[in-house]
*Asks:* 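Pasting a structure here, questions to come.
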Amino acid sequence: MKYSHKDIEKKWQDRWDAEKAFAATNDRSKPKYFALVEFPYPSGAGLHVGHPRPYTALDIVSRKRRMEGYNVLYPMGWDAFGLPTENYAIKNKMHPRTVTENNVKRFKGQLKSLGFAFDWDREINTTDERYYKWTQWIFLQLFKKGLAYKKEMNVNWCTSCKVVLANEEVVGGKCERCGSDVVRKAKSQWMLKITEYADRLIDDLDTVDYIERVKLAEKNWIGRSYGAEVNFDTSRGDKLKVFTTRPDTLYGATYMVIAPEHPYVEKWKDSLSNYEDIIAYREAAAKKSDFERTEMAKDKTGVRLEGVSAINPMTGKEIPIFVSDYVLITYGTGAIMAVPAHDDRDWEFAKVFGLPIIEVVAGGNVEEAAFTDVETGVMVNSGILNGLEVKDAKQRIIEHLTELGIGEKKVNYKLRDWVFSRQRYWGEPIPLVYCEHCGWQPIDEKDLPLTLPEVESYEPTDNGESPLATMTDWVNTTCPKCGASAKRETDTMPQWAGSSWYFMRYCDPYNDEAFASKEALDYWLPVDWYNGGMEHATLHLLYSRFWSKVLYDLGFISCPEPYLKRTSHGMILGEDGEKMSKSRGNVVNPDDVVEEFGADTMRLYEMFIGDFEKSAPWSTNSVKGCRRFLDRFAALNDKIVPTISPELEKSLHKTIMKVTNDIEAMKFNTAIAAMMTLLNDIHSAGGADVETLKTFALLLCPFAPHLAEEMWASLGGKGLASLAPWPKYDESKTVDASIEVAVSVLGKFQGTVTVAVDADEDTVYAEALKLEKVLARIEGKQVFKKIFIPNKMLNILCK
RNA sequence: GCGGGUAUGGCGGAAUUGGCAGACGCGUAAGAUUCAGGUUCUUAUGUUCGCAAGGAUGUGCAGGUUCAAGUCCUGUUACCCGCACCA
């Protein structure tokens with residue numbers, strides 16, 4: 001059989017479509033399997049060679065599951081709201097919807113050309129009214145549960161996109177998307193209380209099978225730390241509350257620092273003789289972007305509050321208070337007790353301002369550097385804590401502070417609430433109305449979806465208002481509660497909204513009564529295997545877990561964790577080993593590869609390229625190697641023989657075993673290597689019988705489905721190979737009757753002997769003595785010990 | 001600074017978890033097929049010494065444990081990815 005990918009790929013794709021071969025069924029008696037890949041943002045650039053890597057991997061898994069008899073759900077959709085589309089639409093004077101439609105069409109064609117076994121009947125699109133109706137509905141549930149609130153706050157403002165960014169979207173002080181500077185700007189924003197779920201988002205990670213680095217990234221991002229809150233008396237007669245993870249060092253607190261934005265600056269205004277200086281410092285700090293602020297991290301600056309001081313509750317000593325931008329208003333209480341002897345930052349600050357450094361944990365030299373070790377030190381200069389280890393001192397002091405009523409145990413998180421508003425057009429409208437009498441009111445659920453109005457201009461406004469704000473007809477409405485005139489919220493939701501629950505919609509995509517029926521959700525959820533990019537560990541993954549937990553608490557779904565298993569793929573780099581980018585000119589277009597070599601080669605290559613979890617550079621030569629393998633596979637069609645040797649049969653069964661196991665372990669590269677070995681074996685043997693070749697075709701089917709179908713059909717296979725039962729191996733045919741055992745003398749390899757499986761030490765030794773090299777090595781010496789590992793090796797020790 | 005990861009031929013990568021390092025593929029060389037190029041097939045291919053038989057050496061670097069180390073331990077270097085004044 002001459003292999004021509006152009007002749008067969010379209011043919012089988014059409015056949016799969018016509019037979020709805022990959023549609024999930026309603027047969028709920030079968031075990032289900034929900035395999036999920038992150039749905040793409042349909043950008044104008046089209047599919048990138050990075051996309052097919054995870055898609056192929058889970059395509060292989062889901063195809064295997066289907067062949068194993070599962071009712072498989074492997075869906076695909078479009079995460080289509082978002083800034084790039086809107087920007088492109090503005091630039092080219094098109095409607096974002098048109099841009100989205102075009103891009104989706106292109107993406108879908110590309111995905112189809114790769115032969116993925118997606119259930120296209122369940123295709124979803126976040127910009128579809130019938131979809132975002134339910135995104136809005138879920139938002140309303142959050143609002144009604146008190147998890148959404150509006151807050152005037154300093155937000156991250158991208159100067160180029162003219163939009164507010166979530167903390168997660170700011171990378172190194174720059175906009176994650178466009179790379180422009182991000183500055184702070186005070187704006188009133190909708191917030192979601194993800195912090196209320198911080199503990200569960202950490203603790204429930206123990207119940208799921210995520211690769212470790214994803215769990216770690218989430219834990220670090222949430223940043224839970226245990227410590228205490230302590231109230232310090234001040235000379236104003238009020239209390240200044242701090243959070244510390246080192247309450248054990250309280251005796252060493254020689255000054256305090258509050259953030260420049262701390263409300264006490266205003267509260268204490270009358271007592272502050274240098275109030276102007278403090279305000280000047282605060283304004284200078286506000287002008288700095290987060291990035292600059294971090295850049296200056298090395299040089300500690302600050303201003304002492306003249307006129308107010310505090311009392312160290314343990315030593316009774318009066319200590320000064322400073323404002324400094326190394327203390328963040330957004331973390332803890334926005335104020336700290338400073339212990340220069342045992343904190344690097346406090347130490348640096350103390351050196352600049354000439355403040356006392358008092359050692360309270362022995363073990364270092366606090367004149368040279370802060371001693372921050374918590375494992376080895378012993379408490380000194382610390383009254384009731386003297387002699388204790390740090391760990392015990394922490395506990396003791398918290399008990400003591402609690403008794404005195406001036407402190408208590410406290411947990412803090414780095415995680416901030418989720419900034420949920422965007423001042424852009426191409427997003428889900430937030431379904432809330434502001435009434436002067438009733439405040440913020442949800443619109444009636446019957447009135448959902450609240451559709452995006454047609455506007456003249458999508459341009460963002462310089463004052464930071466959403467383009468929707470100019471649509472007075474749309475904005476002016478009536479209060480759902482009292483009927484008085486009211487105004488709609490004009491901000492839209494962030495792109496993360498639609499993707500926070502999309503996997504649930506796949507379960508029941510046409511439902512108009514609910515986001516999905518309880519029955520469908522109970523059957524399909526949780527997702528059995530979810531693969532996606534590492535970059536989403538702290539964004540999408542966290543957000544969607546949060547929404548899932550809320551829906552779980554409200555009784556809409558039955559699982560507290562949406563994804564049972566999460567894996568992540570490595571990036572595909574350019575041929576030069578650098579990240580693919582237009583500017584480097586190293587971008588490979590998947591369409592070109594499919595055109596020249598075929599989808600099967602493309603799929604095979606992307607799996608063969610290396611360890612699935614690691615990055616790997618593209619190599620056109622290696623692509624050719626994969627094509628060669630398929631050519632040689634197709635050639636088997638002309639090499640049918642009546643029977644095969646026991647050796648070849650063994651090779652077949654070993655390959656079935658290896659491919660079966662390797663797919664589960666995501667070791668797609670070695671699974672393919674095993675099939676290459678089998679192919680070499682068959683060619684060396686001069687061919688194989690029909691049954692062997694049919695089995696081989698089934699093994700290859702998840703990887704290179706088009707050619708596998710073609711081979712299966714030409715060998716007389718019934719129905720589609722994609723729906724045939726997955727091959728089984730005979731355990732007894734995977735073990736060799738005889739085996740090569742390595743022989744070493746004094747740990748040095750000398751050669752191998754062939755013996756029966758499970759041959760004992762004496763037998764192997766007797767064979768070993770027939771090896772010339774072994775004899776030469778032990779000649780004239782006395783063998784005093786033999787180390788024997790059955791079926792592996794024999795090491796002869798002599799002197 | 002903190003956290004995580006990686007390091008194996010000319011290249012991408014294997015190695016049953018301590019037991020023959022380099023599977024599989026690419027590339028390269030020689031030969032066969034072909035008018036020729038391409039394709040295909042055969043053989044060789046870590047480095048090094050040697051005409052050869054054969055020897056030595058070899059998994060970033062330096063030690064260690066062990067009969068035996070790519071794999072375990074200690075130290076160290078380089079690169080990649082997160083987070084980053086989080087009290």
*Asks:* Which one is paired to B:G27, where only Watson-Crick or G-U wobble pairs with both distances under 3.5 angstrom count?
*Replies:* B:U45
*Asks:* Looking only at the side chain of A:Asn680 (C-beta and beyond, no hydrogens), which of the listed nucleotides B:C24, B:C83, B:A23 gets closest?
*Replies:* B:C24
*Asks:* So what does A:Ile787 touch, heavy atoms closer than 4.0 Å: a base, only the sugar-phosphate, or nothing?
*Replies:*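 It contacts base atoms.
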*Asks:* Over all strands shown, is A:Thr752 touching base, sugar-phosphate only, or nothing at heavy-atom distances under 4.0 angstrom?
*Replies:*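 Base, at least one base atom sits under 4.0 Å.
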*Asks:* Under a 3.5 Å cut-off for both contacts, is B:C67 paired Watson-Crick or G-U wobble with anything, and if yes, with which nucleotide?
*Replies:*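 The base-pairing partner of B:C67, which may sit in any strand shown, is B:G19.
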*Asks:* Could you check whether A:Glu348 pairs with A:Lys351 (Lys NZ or Arg NE/NH1/NH2 to Asp/Glu carboxylate O, under 4.0 Å)?
*Replies:*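 No, A:Glu348 and A:Lys351 are not salt-bridged.
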*Asks:* Using only modelled atom types and a 3.5 angstrom limit, is any donor from either the side chain of A:Asn621 or the base of B:C26 paired with an acceptor on the other?
*Replies:* no
*Asks:* Indicate, with a heavy-atom threshold strictly under 4.0 Å, whether A:Glu740 touches base, sugar-phosphate, or nothing.
*Replies:*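 Base contact - A:Glu740 has a heavy atom under 4.0 Å of at least one base atom.
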*Asks:* Hey, is the main chain of A:Val214 close enough, under 3.5 Å, to the side chain of A:Arg566 for a donor-acceptor pair?
*Replies:* no
*Asks:* Any side-chain N or O of A:Asn795 below 4.0 angstrom from OP1/OP2 of B:C20?
*Replies:* no
*Asks:* Considering only side-chain heavy atoms of A:Leu216, which listed nucleotide, B:G13, B:G4, B:A87, is closest?
*Replies:*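 Comparing B:G13, B:G4, B:A87 against the side chain of A:Leu216, the answer is B:G4.
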*Asks:* With C1' as the reference atom in both, quote the distance from B:U8 to B:G58 in angstrom, rounded to an integer.
*Replies:*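 About 10 Å, rounded to a whole number of Å.
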*Asks:* Please classify the nucleic acid contact of A:Ser225 as base, sugar-phosphate, or nothing, using heavy-atom distances under 4.0 Å.
*Replies:* sugar-phosphate
*Asks:* Measure centre to centre between the rings of A:Phe608 and A:Phe703, then say whether the value is under 6.0 Å.
*Replies:*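 No - the distance between ring centres of A:Phe608 and A:Phe703 does not fall below the 6.0 Å cut-off.
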*Asks:* Taking the minimum atom-to-atom distance to the side chain of A:Phe749, which one of B:A15, B:C20, B:A87 wins?
*Replies:* B:C20
*Asks:* Reckon A:Lys658 touches a base, only the sugar-phosphate, or nothing at all at heavy-atom distances under 4.0 Å?
*Replies:* nothing
*Asks:* Nearest to the side chain of A:Ile789 - B:G19, B:G12, B:A14?
*Replies:* B:G19
*Asks:* By nearest atom, which of the nucleotides B:A87, B:A15, B:C67 is closest to the A:Tyr331 side chain?
*Replies:* B:A87
*Asks:* With A:Tyr326 as reference, evaluate A:Thr301, A:Asp299, A:Asp346 under the side chain to side chain donor-acceptor pair (under 3.5 Å) test and give the passing residue.
*Replies:*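 Among A:Thr301, A:Asp299, A:Asp346, the one meeting side chain to side chain donor-acceptor pair (under 3.5 Å) with A:Tyr326 is A:Asp346.
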*Asks:* At 4.0 Å (heavy atoms only), tell me whether A:Ser615 reaches a base, stays on the sugar-phosphate, or touches nothing.
*Replies:* sugar-phosphate
*Asks:* Give one of base, sugar-phosphate or nothing for A:Asn669, where a contact means two heavy atoms less than 4.0 Å apart.
*Replies:*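 Sugar-phosphate contact only - A:Asn669 comes under 4.0 Å of backbone atoms but never of a base.
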*Asks:* Between the base of B:C20 and the side chain of A:Lys792, is there a donor and acceptor pair under 3.5 angstrom?
*Replies:* no
*Asks:* What nucleotide among B:C85, B:G12, B:G3 has an atom nearest to a side-chain atom of A:Phe608?
*Replies:* B:G12
*Asks:* With heavy atoms under 4.0 Å as the rule, sort A:Asp631 into base, sugar-phosphate or nothing.
*Replies:*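 No contact at all - A:Asp631 keeps every heavy atom at 4.0 Å or more from the nucleic acid.
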*Asks:* Both distances under 3.5 Å, Watson-Crick or G-U wobble: report the partner of B:A14, or none.
*Replies:*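 Pairing partner, where one exists within any strand: none, as none qualifies.
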*Asks:* For B:U34, give the paired nucleotide (Watson-Crick: N1-N3 plus N6-O4 or O6-N4; G-U: N1-O2 and O6-N3; both under 3.5 Å), or none.
*Replies:* none
*Asks:* Checking contacts here: which listed nucleotide (B:C83, B:C41, B:A87) is nearest the side-chain heavy atoms of A:Arg632?
*Replies:* B:C41
*Asks:* Can you tell me which nucleotide in B:C24, B:A87, B:U57 comes closest to the side chain of A:Lys748?
*Replies:*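 Of all the options, the side chain of A:Lys748 is nearest to B:U57.
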*Asks:* For B:C61, give the paired nucleotide (Watson-Crick: N1-N3 plus N6-O4 or O6-N4; G-U: N1-O2 and O6-N3; both under 3.5 Å), or none.
*Replies:* B:G75
*Asks:* From C-beta outward on A:Val327, which listed nucleotide comes closest to its side chain: B:G19, B:A14, B:A87?
*Replies:*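 Nearest nucleotide to the side chain: B:A87.
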*Asks:* Should A:Glu218 and A:Arg545 count as an ion pair when the cut-off is N to O under 4.0 Å?
*Replies:*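 Yes, this pair counts.
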